[in-house]
Number of protein chains: 2
Amino acid sequence: MAIHAGKKYRHGQILNLVASEPVSSQDDLRRRLAQRKLRVTQATLSRDLQELKLIKTPEGYKPAAALAEDASALPPLAHALREFLLDIRPAENMLVLKTPPGGAQALAAAVDRAKFPEVAGTIAGDDTVLIITARRKTRESLQKKIEAELQ
Amino acid sequence: MAIHAGKKYRHGQILNLVASEPVSSQDDLRRRLAQRKLRVTQATLSRDLQELKLIKTPEGYKPAAALAEDASALPPLAHALREFLLDIRPAENMLVLKTPPGGAQALAAAVDRAKFPEVAGTIAGDDTVLIITARRKTRESLQKKIEAELQ
DNA sequence: GCGGGCATCGTATAAATATGCATGGCTTTG
DNA sequence: CAAAGCCATGCATATTTATACGATGCCCGC
């Protein structure tokens, strides 16, 4: 094996590089390492990046450690509302939210996650979310907050 | 344009899908959407995923929201080791660390700052650090600690 | 020393993802 | 309504990433 400085060392250099400046591709990384006298092929870097748990983002490679969380991380409420909400209908102490087919579960989850004090509970079907509040006044307050999320 | 239900709706379905089960590729995603009567091409999904800020991880697509970084939030010693260490050689009551040319001073400084009780003293040349401990047993203990820093 | 097992790596190529360009529909303006 | 501008999209293809396979080096026991 050629002039090798060891995989450990190369991994350290890779971590340094991606932490200090955006690296847009494995070939980009390969060129930068070459400047540091480390000559390896793209194939090796593909393996290295996997071992180092670095993932590609629009802003370069980043450690995946931060995203180790469960797959249930949902987008914020505002986003869910923009994506799913078709209509809001007030009904005394309740709010009825309409979504496209299949969207209700996701929207309800986002509402729950927002933990509004006004919300007594939610029920989601396929394209409808029912939000229940204590009283009509409570519902008015909640409705304002939700409409504010829509800007 | 075919029977389409709108980009917003498709985006909602994509968020649902990737939140509920791992999706390994854009083609995988394309097939699952087809089951929900959404027919689009991989090219469209590539654009969708970018707009939704979903990034590919070994466990499927995830929201990029949780993109903390700092690969270098490591303790200084671990960082220095990753950056400089090429080799560790034990020698009775001493450890010899090899670095790339010019790296020894920096690595030795990091070792000193870590203040291991085992370390009697260090001597750094250009590409070699000599760490001196009291006895062979002491060196073994230190060596384990240093190797642990490398993961 | 000699073979076996393991790890690393490059080459070639497959697989996955991104993109230039053209099309068709929708909306706005006059 | 026509013309213009804009979006969303598909198709074809370029670019990027992953992998199957074989070669080489190293360590270890005999």
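For B:Ser24, the side-chain hydrogen bond (donor to acceptor under 3.5 Å, both in side chains) partners two or more places apart in sequence, or in a different chain, are B:Asp28. Considering only residues two or more places apart in sequence or on other chains, A:Glu51 meets the side-chain hydrogen bond (donor to acceptor under 3.5 Å, both in side chains) condition with A:Lys7.
Minimum interatomic distance between B:Ser46 and B:Gln26 (heavy atoms only, all atoms of both residues): CB-OE1, 3.5 Å. The two residues B:Thr122 and B:Ala108 have their closest heavy-atom pair at OG1-CB, 4.3 Å.
Comparing C:dT17, C:dC9, D:dA18 against the side chain of B:Lys56 picks out C:dT17 as the nearest. Distance from the side chain of A:Ser25 is smallest for D:dT17 among the nucleotides D:dG10, D:dT17, C:dA16.
We find that CG of A:Leu54 is positioned 18 Å from P of D:dT16, with the value rounded to whole Å. Atom pair A:Asp48:CG and C:dA7:P shows a separation of 16 Å (rounding to whole Å applied). Protein atom CD of A:Glu51 is 17 Å distant from nucleotide atom P of D:dT17, rounded to whole Å. Rounded to whole Å, the distance from CG on A:Asp27 to P on C:dA18 is 16 Å. Spacing between atom CD of B:Gln26 and atom C1' of C:dA15 amounts to 12 Å, rounded to whole angstrom units. The interatomic distance linking B:Leu45 (CG) with C:dA15 (C1') rounds to 16 Å, in whole Å. A straight line from CZ of B:Arg30 to P of C:dT17 spans 12 Å, rounded to a whole angstrom. Per the geometry, CG belonging to B:Leu49 stands 19 Å off P belonging to D:dT16, to the nearest Å.
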Test salt bridge (Lys or Arg N to Asp or Glu O under 4.0 Å) applied to B:Glu140 and B:Arg136, step by step: CA-CA 6 Å; B:Glu140 285 170 0; B:Arg136 181 195 174 105; 3.3 Å; yes

Any chance you could lay out the side chain to side chain contact (heavy atoms under 4.5 Å, CB included) test for B:Thr133 and B:Leu95, step after step, and finish with the verdict? CA-CA 8 Å; B:Thr133 65; B:Leu95 274 180; over 6 Å; no

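A 4.5 Å side-chain heavy-atom check between A:Leu17 and A:Arg36 finds at least one atom pair inside the cut-off.
Note on A:Tyr61: a side-chain N or O is less than 4.0 Å away from OP1 or OP2 of D:dT17. Dashed line: the shortest gap from a side-chain N or O of A:Arg10 to OP1 or OP2 of C:dC9 is under 4.0 Å.
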Output one line per pair: protein atom, nucleotide atom from nucleotides 19-23 of chain C, and distance, for all N/O pairs under 3.5 Å.
| residue | atom | partner | partner atom | Å |
| --- | --- | --- | --- | --- |
| C:dG20 | O6 | B:Arg47 | NH2 | 2.7 |

